[in-house]
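Presented below is the structure to which this report refers.
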Protein chains: 2
Amino acid sequence: MELTERQKKIVEIVRENEPISGENIAKKLNLSRPTLRSDFAILTMTGILDARPKVGYFYTGQTHDPLLFDGLFETKVAEIMIPPIFIKQESSVYDAVTMLFMYDIGTLFVAENQQLLGIVSRKDLLRTTVTGGDLNKMPVAMIMTRMPNLVTISSEDRLLDAGYKLIEHEIDSIPVMDAVDGITVVGKLSKTSVLRHFVTEAMKQK
Amino acid sequence: MELTERQKKIVEIVRENEPISGENIAKKLNLSRPTLRSDFAILTMTGILDARPKVGYFYTGQTHDPLLFDGLFETKVAEIMIPPIFIKQESSVYDAVTMLFMYDIGTLFVAENQQLLGIVSRKDLLRTTVTGGDLNKMPVAMIMTRMPNLVTISSEDRLLDAGYKLIEHEIDSIPVMDAVDGITVVGKLSKTSVLRHFVTEAMKQK
């Protein structure tokens, strides 16, 4: 929901002159009070302005554009995805664990020429390391979750689709595929990235 | 942002009679069209109704009460926290890993009489299991992150505070402490719980 230019002007006037009557706001804009009636209704209903009878309008400190939750989830996956860290399928489980700690991430993508072969997660690695065996000789190909059993998402999908898949399939991150060819992996979207996006947007509102 | 009773009535009328002119909506309510001007403005600006010139108003299918993102983050931590799984500090690393898989979770709380001593995460366990040693003899007390180095949150805090701490400290879950005594652990809030809450609320809007 975007405020109109006139509504933004009204907010500015109130910020600088609060409390100010509707009559006086109208005068400053060279408009009649009835013309502004719906603007006042919107600005008070969204909580941007506060109206006190016989006193006037106050600015509540809330930002101009109240962010609708719906709109936030409409963000495209491409806008917040991050570059994945790749590993080869011949690499050892030990190397995979080292890479997780080196990059401080939770998931590695197993790929060849940007074609996704599988995913190996902290959970897969923990399951393997606790049962023992020679971790230097065991290739990640043996323990990874393989295509086509992976849940993926397209870069043109919405954040809501990604969030839904992350929760529904109980996974920590999801490979983002090229929206055109559908098979080249172009990014990674983790629970953390989605949450960070929400928190950052919410903080901006403060 | 709550719609008024009159705005809800307008939405109902449009749902049943779309497309319908503002004039005809006003007639059904025994009110004049100018009286309804701000209601129409709010209902179209929030995307609940769509207005086409010379045709009339349509219902877009969006729910009556557009959820403001701000409001969602005001939810209390107590409302969405989940019961933590506890482990004793004498328990072995091997038992801790087993419990993680048994309950399919990412973090165990180490506690005695609901007093939190530490936290042991999938990451802590992976670091330990990959380096070897007798996992059956090593107690979790040796590898856990200890109080007071833990980031915690109060059950009366807002979801935004929790989200901010999860992102800022790069942790997967956060212990929720009793809002009154501040030392009894009463729940767990994970990235997953926060994200699930958002996705569920967004899905309700559809």
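All chains are named by letter (A, B, ...) in the order of the sequence lines, taking the proteins before the strands, and each is independently numbered beginning at 1.
Interface remark: of the candidates A/Lys123, A/Arg127, A/Arg37, A/Glu168, A/Lys123 forms the most heavy-atom pairs closer than 4.5 Å to chain B. Among the candidates A/Val130, A/Leu166, A/Val194, the residue making the largest number of heavy-atom pairs closer than 4.5 Å to chain B is A/Val130. For the options B/Phe40, B/Tyr94, B/Tyr164, heavy-atom pairs under 4.5 Å to chain A are most numerous at B/Tyr164. Put simply, of B/Arg122, B/Lys191, B/Arg196, the one with the most heavy-atom pairs under 4.5 Å next to chain A is B/Arg122.
Just one of B/Val110, B/Thr107, B/Thr152, B/Asp172 meets the side chain to side chain contact (heavy atoms under 4.5 Å, CB included) condition when paired with B/Ile119; it is B/Thr107.
Between the CG atom in A/Leu150 and the OG1 atom in A/Thr145 there is a gap of 6.5 Å [rounded to 0.5 Å]. Within the model, atoms CG of B/Leu126 and OG of A/Ser121 stand 9.5 Å from one another, a figure rounded to the nearest 0.5 Å.
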Please tabulate, for the side chains in residues 49-56 of chain B, all donor-acceptor contacts under 3.5 angstrom to protein atoms that are two or more places apart in sequence or on a different chain.
none

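For B/Phe101, the part lying under 4.5 angstrom from a heavy atom of chain A is the side chain only. Only the side chain of A/Asp104 has a heavy atom closer than 4.5 Å to any heavy atom of chain B. Heavy atoms closer than 4.5 Å to chain A are found in the side chain of B/Glu170, but not in its backbone. In this structure, chain B has a heavy atom under 4.5 Å from the side chain of A/Leu135, while its backbone stays farther away.
Closest non-hydrogen pair, A/Phe86 versus A/Ala111, comes out as CD2-CB, 3.4 Å.
Electrostatic pairing of A/Glu156 and A/Lys76 counts as a salt bridge here, judged by a charged N lying under 4.0 Å from a carboxylate O.
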